Protein chains: 2
Amino acid sequence: MAAKRSGAQSKRSQRIGGSLQSAQEPHSEQPLSLERIVATAVELLDGQGVDGLKMRQLADRLGSGAMSLYWHVDNKEAVFDLALDSVLEYRGPPQTVESQDWRGEVVHMLEDWRASMLRHPWSASLLPRRRLGPNILSRLELLSNTLTRGGVADADLNVAIWSLWNYVMGATITRANFNLSDDDMAAAQQRLTRLSERYPTIERTRLLLDNDWDGAFRKGLDSLLDGLSPR
Amino acid sequence: MAAKRSGAQSKRSQRIGGSLQSAQEPHSEQPLSLERIVATAVELLDGQGVDGLKMRQLADRLGSGAMSLYWHVDNKEAVFDLALDSVLEYRGPPQTVESQDWRGEVVHMLEDWRASMLRHPWSASLLPRRRLGPNILSRLELLSNTLTRGGVADADLNVAIWSLWNYVMGATITRANFNLSDDDMAAAQQRLTRLSERYPTIERTRLLLDNDWDGAFRKGLDSLLDGLSPR
DNA sequence: ACCTGAACACCGTTCAAGT
DNA sequence: ACCTGAACACCGTTCAAGT
């Protein structure tokens, strides 16, 4: 495992007269480091999606030879794991007083989790396929904690957590992969009406055209929490 | 979208009329056909996972040259779409009388859906990423239908359906990707206890070691349905 | 310790061509 | 209509080697 590099060294302290390097590559000549690799991988993933991440391109963007990455990282899988975990960091609830509103806290935590993943649409699909990293474990720990404080018995805790996990993951994966450009919307609409005699109900309620994702997420979450709440 | 009339398919002649011989052979030297390609792709995917499907190997297994597939199919993506849809067929509830028990029917439909996907562990992760095919649309239609019969108002229907979708997808994707060999179990246990001071709660309830997947799925689903049920 | 180019073993797909 | 091999444009990774 690579020792930590003090990343902020030489290049940072220079800060030469601000106008010249307004050319697009502000970070081209630093040494490689795990941090830079991960950050750049996230950039690339955000821009090109999971299939768009290429080791050569990643190295290129970092200004290094293609194979230099392999000294810092075992393989591409490791890059995925690191990028994924880096995106799942939780900063905690807005610092108010230690609140009594456990349900509100749960909602906040889950909405923040979903929002973090939606900011990096490749992340949600990746999460269930990889080993759980420290950041997601922290989120689960905090969630368990809050539920316990809310009165959920230990015997019901795992079911509650997995239910919430399932709901959040399903919602986020689905939403992240549903790219509704105007064209897609139009196409879906057209297709649906064309098939209205095969699928009358979902056509009537416009299931596939409903695009209030945030509202639907929140409402469904409320229902689930209703069902899970100790009475 | 439901009826996939891709370019590849339209390239095929219809070849419907009574031909000289109804092909009867097992599957060693038959001509290629979309059906055989899809069936074999499913076999391969079951055995090797999503990343294990190679066009060359697929052709090989079908006893044809590597490039012959491309006359029947546009590209690899199309193979995925077809394999996925083929796995999602629904045969309907066990033929009893038209029941009054709408909730029981919903549970049956969702458990069958989950079971179908778990029989082909690659399928769940694929489903949210691809265009919805006819078989999954049929399942959604039937679900909508049943919920409506159960008294869910049109205004609440989409939220209910997406909530159930989210839950089922999240649960199935997670379960399908959680391969708990004895080794993995042991490793997880070890890791968790080693980290027990960082994650005390999930360690205490053995969140990651809980392996009653079916039971947890059912219990969580019940909670969700409790929350969604009209009162 | 850190980085590198050349090279290998793939894999999806295009193409021109066969029947 | 249906199938094929050769070839192209990749891409992850190994290796032997540089500093």
Side-chain angles (χ1 to χ4, degrees), chain A residues 1-7 9-11 27-38 40-41 44-45 47-83 122 126 130, chain B residues 6-21 23 25 27-38 40-41 44-45 47-83 122 126 130:
Chain A
M1 166 152 300
K4 267 202 137 156
R5 299 206 60 81
S6 49
Q9 17 163 287
S10 57
K11 191 64 181 254
H27 60 83
S28 32
E29 279 314 324
Q30 291 169 351
L32 279 181
S33 72
L34 249 199
E35 292 76 27
R36 286 189 67 224
I37 292 176
V38 173
T40 309
L44 244 29
L45 285 163
Q48 334 260 20
V50 213
D51 295 333
L53 181 67
K54 318 285 164 76
M55 292 302 268
R56 291 176 213 251
Q57 188 195 4
L58 176 54
D60 229 54
R61 183 96 144 221
L62 286 159
S64 72
M67 292 304 101
S68 313
L69 299 177
Y70 286 88
W71 192 86
H72 300 266
V73 163
D74 271 354
N75 47 32
K76 195 180 178 182
E77 304 260 289
V79 176
F80 278 130
D81 284 338
L82 292 165
W122 46 273
L126 221 49
R130 323 263 352 144
Chain B
S6 71
Q9 242 167 311
S10 59
K11 263 187 281 177
R12 293 174 69 221
S13 71
Q14 282 301 341
R15 208 168 85 81
I16 287 192
S19 43
L20 314 169
Q21 57 201 16
E25 306 85 324
H27 64 83
S28 20
E29 276 315 324
Q30 292 170 348
L32 279 181
S33 71
L34 249 199
E35 292 75 29
R36 286 188 67 224
I37 292 176
V38 173
T40 309
L44 245 29
L45 284 164
Q48 334 259 18
V50 212
D51 295 332
L53 180 66
K54 317 285 164 78
M55 293 301 269
R56 291 173 214 252
Q57 188 195 5
L58 177 54
D60 229 54
R61 183 97 144 223
L62 287 159
S64 72
M67 291 306 100
S68 312
L69 299 176
Y70 286 88
W71 192 85
H72 300 266
V73 163
D74 270 355
N75 48 33
K76 196 179 177 182
E77 304 260 289
V79 176
F80 277 130
D81 284 338
L82 293 165
W122 46 274
L126 221 50
R130 324 267 346 149

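Throughout, a chain's letter reflects where its sequence line sits, starting with A, and its residues are numbered from 1. Nothing here was measured: the structure is a model prediction, and the numbers come from that model.
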*Asks:* To the nearest Å, give me how far apart NZ (A:Lys76) and P (C:dC10) are.
*Replies:* 17 Å
*Asks:* D:dA1, C:dC3, C:dT4: which one has an atom nearest the side-chain heavy atoms of A:Leu32?
*Replies:* C:dC3
*Asks:* From CG of A:Leu69 over to P of D:dT14, roughly how many Å is that when rounded to an integer?
*Replies:* 13 Å
*Asks:* Of the candidate nucleotides C:dC3, D:dG12, C:dG12, which contains the atom at the shortest distance from the side chain of B:Met55?
*Replies:* C:dG12
*Asks:* Just N and O in the side chain of B:His72: are any of them under 4.0 Å from OP1 or OP2 of D:dC3?
*Replies:* yes
*Asks:* Please report the shortest heavy-atom distance between B:Gly52 and B:Gln57, naming the atom on each side.
*Replies:* O-OE1, 3.3 Å
*Asks:* Passes side chain to side chain contact (heavy atoms under 4.5 Å, CB included), B:Lys76 versus B:Leu58? Steps please.
*Replies:* CA-CA 10 Å; B:Lys76 196 179 177 182; B:Leu58 177 54; over 6 Å; no
*Asks:* Could you check how far CD of B:Gln57 sits from C1' of C:dC10, rounded to whole Å?
*Replies:* 13 Å
*Asks:* Quantified in whole Å, what is the P atom distance between nucleotide D:dA17 and nucleotide C:dC2?
*Replies:* 22 Å
*Asks:* Which whole-number value in Å describes the distance from B:Met67 CE to C:dT13 P?
*Replies:* 9 Å
*Asks:* Nearest heavy-atom pair of A:Gly65 and A:Ala59: which atoms, and what distance?
*Replies:* O-CB, 3.4 Å
*Asks:* Determine which bases of DNA chain D form Watson-Crick or G-U wobble pairs with both distances under 3.5 Å, and write the result as a 5' to 3' dot-bracket string with | for other-strand partners.
*Replies:* ||.|||||...|||||.||
*Asks:* If you take all heavy atoms of A:Leu32 and A:His72, which pair is closest and at what distance?
*Replies:* CB-NE2, 3.4 Å
*Asks:* Rounding to an integer number of Å, can you tell me how far A:Arg56 CZ sits from C:dC3 C1'?
*Replies:* 16 Å
*Asks:* Any idea which heavy atoms bring B:Phe80 and B:Leu53 closest together, and the distance?
*Replies:* CE2-CD2, 3.9 Å
*Asks:* Could you check how far CG of B:Leu58 sits from P of C:dC11, rounded to whole Å?
*Replies:* 13 Å
*Asks:* Can you measure B:Ile37 atom CD1 to D:dC3 atom C1' for me and round it to whole angstrom units?
*Replies:* 12 Å
*Asks:* Could you check A:Lys54 against A:Asp74 and say which one's nearest nucleotide on DNA chain D is further toward the 5' end?
*Replies:* A:Lys54
*Asks:* Distance check: side-chain N/O of B:Ser68 vs OP1/OP2 of D:dT4, anything under 4.0 Å?
*Replies:* yes
*Asks:* Classify B:Leu53 by what it touches in the nucleic acid, base, sugar-phosphate, or nothing, heavy-atom distance under 4.0 Å.
*Replies:* sugar-phosphate
*Asks:* Does the side chain of B:Leu62 come within less than 4.5 Å of B:Leu69's, by heavy atoms?
*Replies:* yes
*Asks:* Name the closest nucleotide to the B:Trp71 side chain, picking from D:dA1, C:dC3, C:dT13.
*Replies:* D:dA1
*Asks:* What closest approach, in Å, do B:Ala78 and B:Val73 show between heavy atoms, and which atom pair accounts for it?
*Replies:* CB-CG1, 3.7 Å
*Asks:* Roughly how many Å is it from CZ in B:Arg36 to C1' in D:dC3, rounded to a whole number?
*Replies:* 14 Å
